[in-house]
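Sequence positions, counted from 1, serve as the residue numbers for this chain.
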Amino acid sequence: MVDWPGMNSRAAIILAALAVLSSFVGWSAASRSAEILRWVDEHGVVHFTDVLNEIPENFRGQATRMKVDSRLRSLPAPPDKASIKFQKRGDLIVIPATINERAPVVFVVDTGASYTTISQATAKELQLDLQNNPKVISFQTANGTIQAPIASVKSIEVGGLGVNDIVVAVHDIFPDPAVAGLLGLNFLSQFRVDIDSKNGVMNLEKK
């Protein structure tokens, strides 16, 4: 039973409802809805409970049943670390990623690049508008300084860890069309990065 002596009825209703909804966090996803009981005490304060015996016997007859959708339960928190298997192409570390939650790509990890870069083909696939955004920047990569137009993508995700609203430079750095570009510091600096060369794994942890 939920009760807060001294609170007004409106505050009690809001807090009681929040408390009861929080109690359903552990419901099974297979359960689409569950019942809770609503009752009003002699002071006009509304209470909610999912246990009939918590209602004083003299108020049970007036209790009303309510349906609560199980989809109101809290969602699991996103992960704060991940381990991603990588491939080696010579001295390059290549990892899978996802742009805008829909476009699977392959990036070369480059801690010497200030910005993440994507190829012209990837920009076209993402339908990025480069014509109306004439801004061009010069930035340093491991292979030297390049100039490229920039655009913004909604998200880049690696191993379930993402960075939202991230700026990318559009430039065909690699002749291999299977490689989308460089994963640069504007993504990597959001994480603690550990390269486990022995096991072929890149470990990321949110800062």
Side-chain angles (χ1 to χ4, degrees), residues 22 25-30 71 73-130 133 135-207:
S22 296
V25 171
W27 284 351
S28 165
R71 288 171 293 181
R73 67 189 186 280
S74 298
L75 296 175
D80 59 5
K81 61 176 64 176
S83 296
I84 305 97
K85 292 287 290 184
F86 64 75
Q87 295 181 343
K88 290 294 291 289
R89 297 191 180 183
D91 293 331
L92 302 178
I93 293 174
V94 180
I95 62 167
T98 304
I99 303 178
N100 290 354
E101 299 182 346
R102 66 179 179 83
V105 296
V106 173
F107 279 122
V108 169
V109 177
D110 189 350
T111 57
S114 303
Y115 286 86
T116 296
T117 70
I118 61 173
S119 65
Q120 294 279 353
T122 303
K124 184 176 180 180
E125 180 183 353
L126 295 170
Q127 298 181 330
L128 299 183
D129 183 6
L130 300 178
N133 183 19
K135 187 174 182 181
V136 175
I137 61 170
S138 299
F139 63 96
Q140 189 69 32
T141 73
N143 296 320
T145 301
I146 65 174
Q147 289 188 328
I150 63 172
S152 179
V153 297
K154 293 179 181 178
S155 65
I156 295 177
E157 183 180 290
V158 175
L161 299 177
V163 174
N164 296 326
D165 300 320
I166 183 170
V167 172
V168 296
V170 180
H171 190 82
D172 290 329
I173 294 177
F174 297 101
D176 185 352
V179 178
L182 299 174
L183 190 65
L185 284 177
N186 63 334
F187 180 93
L188 296 171
S189 63
Q190 306 301 312
F191 306 94
R192 296 180 181 87
V193 182
D194 174 64
I195 304 295
D196 183 350
S197 298
K198 180 179 179 181
N199 295 305
V201 170
M202 182 175 76
N203 300 306
L204 297 178
E205 182 177 1
K206 285 185 179 179
K207 290 183 176 179

Novice: Report the distance from atom OG of Ser189 to atom NZ of Lys207, rounding to the nearest 0.5 Å.
Specialist: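 Answer for the OG-NZ pair, Ser189 versus Lys207, is 6.0 Å.
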Novice: Report all side-chain donor-acceptor pairs from residues 94-105 shorter than 3.5 Å, counting only partners two or more places apart or in another chain.
Specialist:
{"from": "Asn100", "atom 1": "OD1", "to": "Lys154", "atom 2": "N", "distance (Å)": "2.8"}
{"from": "Asn100", "atom 1": "OD1", "to": "Ser155", "atom 2": "N", "distance (Å)": "3.2"}

Novice: Should Lys81 and Leu204 be marked as a side chain to side chain contact (heavy atoms under 4.5 Å, CB included) after you check the CA-CA gap, both sets of side-chain angles, and the distance that decides it?
Specialist: CA-CA 5 Å; Lys81 61 176 64 176; Leu204 297 178; over 6 Å; no
Novice: Output all residues satisfying side chain to side chain donor-acceptor pair (under 3.5 Å) with Asn199, sequence neighbours left out; order by chain, then residue number.
Specialist: Asp196
Novice: Under the side chain to side chain contact (heavy atoms under 4.5 Å, CB included) rule, what do Leu183 and Val158 come out as? Steps first, then yes or no, please.
Specialist: CA-CA 10 Å; Leu183 190 65; Val158 175; 4.1 Å; yes
Novice: Can you check whether His171's main-chain N or O pairs, donor with acceptor, with Thr117's side chain at less than 3.5 Å?
Specialist: no
Novice: According to side chain to side chain donor-acceptor pair (under 3.5 Å), who are the partners of Ser138, at least two apart in sequence or on a separate chain?
Specialist: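 Applying side chain to side chain donor-acceptor pair (under 3.5 Å) to Ser138 gives Gln147.
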Novice: Passes side chain to side chain contact (heavy atoms under 4.5 Å, CB included), Ile150 versus Val136? Steps please.
Specialist: CA-CA 6 Å; Ile150 63 172; Val136 175; over 6 Å; no
Novice: Please list all pairs passing the ring pair (Phe, Tyr, Trp, His ring centres under 6.0 Å) test where one or both residues lie in residues 179-207, with sequence neighbours left out.
Specialist: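 Those involving residues 179-207 are Phe187-Phe191.
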Novice: Of all the heavy-atom pairs spanning Ala123 and Leu130, show the shortest one and how long it is.
Specialist: CB-CD1, 4.4 Å
Novice: What salt bridge (Lys or Arg N to Asp or Glu O under 4.0 Å) pairs are there with at least one residue in residues 181-190, not counting sequence neighbours?
Specialist: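 Found none.
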Novice: Backbone N or O of Ile118 within a donor-acceptor pair of the Thr122 side chain at under 3.5 Å?
Specialist: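 The answer is no, because no donor-acceptor pair under 3.5 Å joins these two groups.
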Novice: Of all heavy-atom pairs between Thr116 and Gly184, which one has the smallest distance, and what is that distance?
Specialist: OG1-N, 3.0 Å
Novice: With sequence neighbours excluded, tell me which residues meet side-chain contact (heavy atoms from CB on, under 4.5 Å) with Lys88.
Specialist: Phe86, Ile93
Novice: For Ser83, check side chain to side chain donor-acceptor pair (under 3.5 Å) against everything at least two apart and list the hits.
Specialist: Asn203
Novice: Test of understanding: with salt bridge (charged side-chain N to carboxylate O under 4.0 Å, His left out), list the residues that count as partners of Asp176, not counting sequence neighbours.
Specialist: Arg89
Novice: Would you say that more than 12 heavy atoms from the other residues, nucleotides or ligands in this model lie under 6.0 Å from the CD of Glu205, or not?
Specialist: yes
Novice: Determine, stepwise, if the pair Leu188 / Val109 fulfils side chain to side chain contact (heavy atoms under 4.5 Å, CB included).
Specialist: CA-CA 9 Å; Leu188 296 171; Val109 177; 3.9 Å; yes
Novice: Applying ring pair (Phe, Tyr, Trp, His ring centres under 6.0 Å), can you list everything that pairs with Phe107, at least two apart in sequence or on another chain?
Specialist: none
Novice: Considering only distance and modelled atom types, tabulate donor-acceptor pairs under 3.5 Å from the side chains of residues 162-170, sequence neighbours left out.
Specialist:
none

